[in-house]
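Counting from 1, the numbers follow the sequence of the chain as shown.
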Amino acid sequence: MGLHIPASIPTSGAALRAGALEVVVLGGHLLLYPTGVCQEKLTAAAPATRPPLLLLHGFTDNRSVFVLLRRALGAGGLRHVEAYNYSPFTLDLRVTARHLARRVEELCERTGQERVDLVGHSLGGLVGRYYVQRLGGDTRVRTLVTLGTPHSGTRVAPFMDAHPLVRQMRPDSEVLAELAAPAPGCATRCVAFWSELDALMTPVGTARIEHPDLLVENVQVTGIGHLALPAHPAVIAAVRRILDGPGLAAVADSEAASVA
């Protein structure tokens, strides 16, 4: 099923505005980047009415990318929110997915909850999906939300193929072949946000999840580039409604009405 959440009313200048926004977001993120280098200190979780949430950053990034998203999703104390920094020296996302599995178990034990939600940006979404689909993580993960994740592989920046993680994000990689394999009975709800202006997703639409065995909602966002996906108010509001609300159709209707 595909849904459309317009972040702005499309015009001929949408690409220029999206590019300008990417520059602004990049500048802000570079300022915040040092604050997210270290793994955050784990704290006792206060009682919450919703499953705890774990945020997974993208390639060469860290938890600072989620400053705005984290604040919004943790507002009101309805859920416990944490961000997981995987090692910048990671060479295999499958290893990171196994580390994530241990982190999820620890989070469930510490919060007293049976299930968690995951939100992953870019490569972080693939790590979360690999855990859910290939390591039995669907027994622990209620909802997996991905933001600009190359589920079908991306061909952007061929000069970076020397890096093993980049090779794993190519359309013909072993990792993506594993994710394309049957996954009968996978119980996790998957929601994939994608944008036609995401310059890191080549071809356009590769951030959609296309798998017959998965419970999938693909959400197209208009007028937003790759870096802005975890920071744009329209996306943040949509993610919050997905994790809080009755269903994605209501989310799409509400978001469309807000820009009408």
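Contacts classified as salt bridge (Lys or Arg N to Asp or Glu O under 4.0 Å) and involving residues 24-35 (residues at least two apart or in different chains) are not found. Each salt bridge (Lys or Arg N to Asp or Glu O under 4.0 Å) pair with one or both residues in residues 225-235, not counting sequence neighbours, would appear here, but there are none. Pairs of residues two or more places apart, or lying in two chains, that qualify as salt bridge (Lys or Arg N to Asp or Glu O under 4.0 Å) and include a residue from residues 111-133 are Glu114-Arg140, Asp117-Arg142.
Under a 4.5 Å side-chain heavy-atom cut-off, the cluster of Ile, Leu, Val, Met, Phe, Trp and Tyr residues that includes Leu200 is completed by Val156, Met201. Other members of a hydrophobic cluster containing Leu78 are absent, since no ILVMFWY side chain comes under 4.5 Å of it, directly or through relayed contacts.
Remark: Asp61 engages His29 in a side-chain hydrogen bond (donor to acceptor under 3.5 Å, both in side chains) (not counting sequence neighbours). Taking Arg134 as the reference, nothing meets the side-chain hydrogen bond (donor to acceptor under 3.5 Å, both in side chains) condition, with sequence neighbours excluded. For Asp213, there are no side-chain hydrogen bond (donor to acceptor under 3.5 Å, both in side chains) partners, not counting sequence neighbours. The side-chain hydrogen bond (donor to acceptor under 3.5 Å, both in side chains) search around Arg167 returns none, not counting sequence neighbours. Every residue two or more places apart in sequence or in another chain that forms a ring-ring contact (aromatic ring centres under 6.0 Å, His included) with His226 is listed here: His121. Partners of Tyr86 by ring-ring contact (aromatic ring centres under 6.0 Å, His included), not counting sequence neighbours, listed by chain and number: His57. Listed by chain and residue number, nothing satisfies the ring-ring contact (aromatic ring centres under 6.0 Å, His included) test with His151 (two or more places apart in sequence, or in another chain).
Note that CD of Glu210 and CG of Asn218 are 5.5 Å apart. Values are rounded to the nearest 0.5 Å. Atom CD1 of Ile236 is separated from atom CG of Leu147 by 9.5 Å, given to the nearest 0.5 angstrom. Separation of atoms OG (Ser87) and NE2 (His99) is listed at 9.0 Å; rounding is to 0.5 Å. Here the CZ atom belonging to Arg79 is positioned 11.0 Å from the CD atom belonging to Gln113, to the nearest 0.5 angstrom. Note that OG of Ser173 and CG of Leu179 are 8.0 Å apart. Values are rounded to the nearest 0.5 Å. From Thr149, atom OG1 reaches atom CD1 of Ile209 across 8.0 Å, with rounding to the nearest 0.5 Å.
Here the side chain of Glu174 pairs no donor or acceptor atom with the backbone of Gln168 at under 3.5 angstrom. Remark: side-chain polar atoms of Thr188 are not paired, donor with acceptor, to backbone N or O of Val132 under 3.5 angstrom. Side-chain N or O atoms of Thr206 include none that pairs as donor or acceptor with a backbone N or O of Pro203 at under 3.5 Å. Checking side-chain atoms of Arg170 against main-chain N and O of Gly153 turns up no donor-acceptor pair under 3.5 Å.
More than 12 non-hydrogen atoms from other residues, nucleotides or ligands lie less than 6.0 angstrom from CZ of Arg50.
No single ILVMFWY cluster, assembled from side-chain heavy atoms under 4.5 Å apart, contains both Val95 and Val127. Leu53 and Leu144 are assigned to two separate hydrophobic clusters, defined by single-linkage of ILVMFWY side chains at heavy-atom distances under 4.5 Å. A continuous path of ILVMFWY side-chain contacts below 4.5 Å connects Val191 to Val81, so both sit in one hydrophobic cluster. Residues Ile224 and Leu197 do not share a hydrophobic cluster, clusters being chains of Ile/Leu/Val/Met/Phe/Trp/Tyr side chains in contact below 4.5 Å.
For the pair Cys186 and Leu215, the minimum side-chain heavy-atom distance is 4.5 Å or more.
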Evaluation steps, side chain to side chain contact (heavy atoms under 4.5 Å, CB included), between Val221 and Trp194:
CA-CA 6 Å; Val221 181; Trp194 68 283; over 6 Å; no
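Here Glu40 pairs with Arg70 in a salt bridge; the nearest charged N to carboxylate O distance falls below 4.0 Å. A salt bridge links Arg94 with Asp92: the distance from a Lys NZ or Arg NE/NH1/NH2 to an Asp or Glu carboxylate oxygen falls below 4.0 Å. Salt bridge status for Glu82 with Arg63: absent, with no side-chain N to carboxylate O gap under 4.0 Å. Ion pair Arg102/Glu106 not flagged as a salt bridge, since none of the NZ, NE, NH1 or NH2 atoms sits closer than 4.0 Å to an Asp/Glu carboxylate oxygen.
The residue from Leu54, Leu56, Val116 that alone fulfils the side chain to side chain contact (heavy atoms under 4.5 Å, CB included) condition with Arg103 is Leu54.
Nearest heavy-atom pair across Leu107 and Thr111 is O-OG1, 2.8 Å.
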